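Just so it is clear, the model here is predicted, and its values are computed rather than measured.
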Amino acid sequence: MKTFEELGVSGEIRKAIEELGFVQPMPVQEAVIPYLLENKNDVIALAQTGTGKTAAFGIPLLMRIDTSNRNAQALVLSPTRELCLQITDDIRDFAKYMDGVHVEAVYGGASIEPQMRALKKGVNIIVATPGRLIDLKNRGVADLTNVRNIVLDEADEMLNMGFSENISEIFESINENHSTLMFSATMSREVEKVAKKYLHDYQEIVVGSRNEGAENVNHIYYMVNAKDKYLALKRIVDYYPRIFAIIFCRTKIETQEIADKLIKDGYNAESLHGDLSQPQRDLTMQKFRQHLTQLLVATDVAARGLDVDDLTHVINFGLPDDIENYTHRSGRTGRAGKKGTSISIVHSREKFKIRNIEKEIGKKFVEAEIPSAEEICKKQLYKVMDQIVKTDVDDEEIAPFMQDISRYFEYIDKDELIKKIVSLEFGKFLAYYAEAPEIEAVVPDKKEKRPQSDKQKLQNKAQKGYRRLFINLGKRDGFYPGELMQTLNRFVGGRQEVGHIDLLDTISYFEVPEKDAKKVMIQLSGIRYKGRTVRCNDADEGGKPEKPKRQKKDDWRSLMNKVPRDLRGPEPDFSEEGWALRKPRKKK
């Protein structure tokens, strides 16, 4: 393996990254850094999240900067505010010993005035979310005419969140003589479309294999009945006493419910979803990064941009419909060379999803049995014993109290004292699992159930208080959750609450509160989306092919009865020959 010096990294940057603990380049850095330093053409780099991507593009960007020029020379686009801030901090750390380098983050959800003032002073590298950057550009503050290098980090997530039109507008504002670098965890159809449209003569650099899962991640699934999923979750968490994990749920409501249950049952957990305000989200993620929170229950969208290096587990309380989302979830653990585990709690109807994910990521899932009460208690007991043995004792601090402590425990047997200490810490697990409800074993069907057809999905019931709607737009139209939310906010007005979303290739289903359903259907029906007329109606009616109504003989006659006899034409031919008009018969 080469060193950073052999890759061509400057001395100032090497000094900074050595202080950050960079010893040897990671595979993505070894592949990308020298190529970018030696070539000016466009690049697509496929690598999992957490593999050192920021250094892979951040170091070459810094080495291409002319510090005597205070105009924006490089632009990094990221899907979320959190990732935007993280990239900015990392690049600033890399540039610690470089004079005259100015890096600024611009993102939504924060006051725009400080960002405007910073850009007016002069910035070399702008790290931005697409929406806020366009706002600043339209205000005449963000000048992109001198940008010679643009990076799209987590391009697949940006497209999934509906930023394709924003990205197009940004590219139109940049000088044609620029280099583009796209980083993506997966090479989806949408990423390929953007590459063909905006990248020229590009080089594809693949670290690992296309669309594969993270190398250091083990994939495990537990098969349970749907009613036992929460009980199974508790047992899995208890079985790993030192767990530090994100628990992914499918909807905001489910996320909050699971978090509330865990907190009520004494677990150190918090929720993260779209209904939280930005300050609440920032505080929650800060506590999680600092390990003040052990379990973070989150939706896919809310957890984007949350980068934590030492995550031990990712738990899928519900598998996502999109395999790319699973890749992003599992890629949040097993980073920086460490091992990680992705656990999925599934019921028998979801087993086909496991098989589909295995084919896509090229890795096998291991089916495991739910830990027994005895196994969990042993694990927790060893944890308590280990904590007692490894506890540091400050002799000077405790010395004044030792005489009283010794006198108090003078007549207690040593073995009895140990039992009491262990029971104090371990008692709640013994009490719970002594009467813990049993989790029934699942008898798998002989034939795995196939994915539901579009017609079957019509029969799915919405969650309580919501109505399930159909819309005639899908993934092939570039219609993803972000696009749906933007469309609703634009045409329905305000911040429209949305429940579960099912995205298919040509159509989609989504849930809205019952009270809003009629308004949403009226406002969306008839609008134009990328040249298509939108149809939105109740899911019980949507998705069924609209067959032309065949005119019946009785219908024709009832219509003709309203026409005066002398103006009526010949009666249609209802025979097998079709709709040819019958010629009037000649009277003999």
Side-chain contact, heavy-atom cut-off 4.5 Å: Leu488 with Val498?
yes

Establish, from distance only, whether the side-chain atoms of Asn356 and Glu360 form a donor-acceptor pair under 3.5 Å.
no

Side chains of His291 and Asp310: donor-acceptor distance under 3.5 Å anywhere?
yes

side-chain contact (heavy atoms from CB on, under 4.5 Å) partner of Arg281, the single match among Glu82, Gln286, His273
Glu82

Does a sphere of radius 6.0 Å around NZ in Lys359 hold more than 12 heavy atoms from other residues, nucleotides or ligands, not counting ones at 6.0 Å or beyond?
no

Are Phe317 and Tyr230 an aromatic pair, judged by ring center distance below 6.0 Å?
no

Is there a donor-acceptor contact under 3.5 Å linking the side chains of Tyr466 and Glu497?
yes

Name all residues meeting the salt bridge (charged side-chain N to carboxylate O under 4.0 Å, His left out) criterion together with Lys261; count only those two or more places apart in sequence or in a different chain, and write none if there are none.
none

Without hydrogens or angle criteria, can the side chains of Tyr529 and Glu483 be said to hold a donor-acceptor pair below 3.5 Å?
yes

For Tyr326, what residues pass the ring-ring contact (aromatic ring centres under 6.0 Å, His included) criterion, not counting sequence neighbours?
His219, Phe365

Test item: side-chain donor near acceptor, Tyr240 and Thr341, under 3.5 Å
no

Taking the basic N atoms (NZ, or NE/NH1/NH2) and the acidic carboxylate oxygens, is any pair closer than 4.0 Å for Arg468 and Asp538?
no

Would you say Arg242 and Thr312 are linked by a side-chain donor-acceptor pair, where the criterion is simply a distance under 3.5 Å?
no

Give every residue pair that meets the salt bridge (charged side-chain N to carboxylate O under 4.0 Å, His left out) criterion with at least one member in residues 230-240, sequence neighbours excluded.
Lys234-Asp265

Name all residues meeting the ring-ring contact (aromatic ring centres under 6.0 Å, His included) criterion together with Phe510; count only those two or more places apart in sequence or in a different chain, and write none if there are none.
none

If you look only at distance, which donor and acceptor atoms sit under 3.5 Å apart when one is on a side chain in residues 514-522 and the other is two or more places apart or in another chain?
residue: Glu514; atom: OE2; partner: Arg467; partner atom: NE; Å: 3.0
residue: Glu514; atom: OE2; partner: Arg467; partner atom: NH2; Å: 2.9
residue: Asp516; atom: OD2; partner: Gln496; partner atom: NE2; Å: 3.1

Can you list the residues that meet the salt bridge (charged side-chain N to carboxylate O under 4.0 Å, His left out) rule with Glu254, with sequence neighbours excluded?
none

I'd like to know if Asp477 and Lys530 make a salt bridge, using a cut-off of under 4.0 Å between side-chain N and carboxylate O.
no

Working note: Lys363 + Glu358, criterion salt bridge (Lys or Arg N to Asp or Glu O under 4.0 Å); need CA distance, chi angles, decisive distance, verdict.
CA-CA 5 Å; Lys363 292 189 174 183; Glu358 286 179 333; over 6 Å; no

Side chains of Ile170 and Leu75: does their closest heavy-atom pair fall under 4.5 Å?
yes

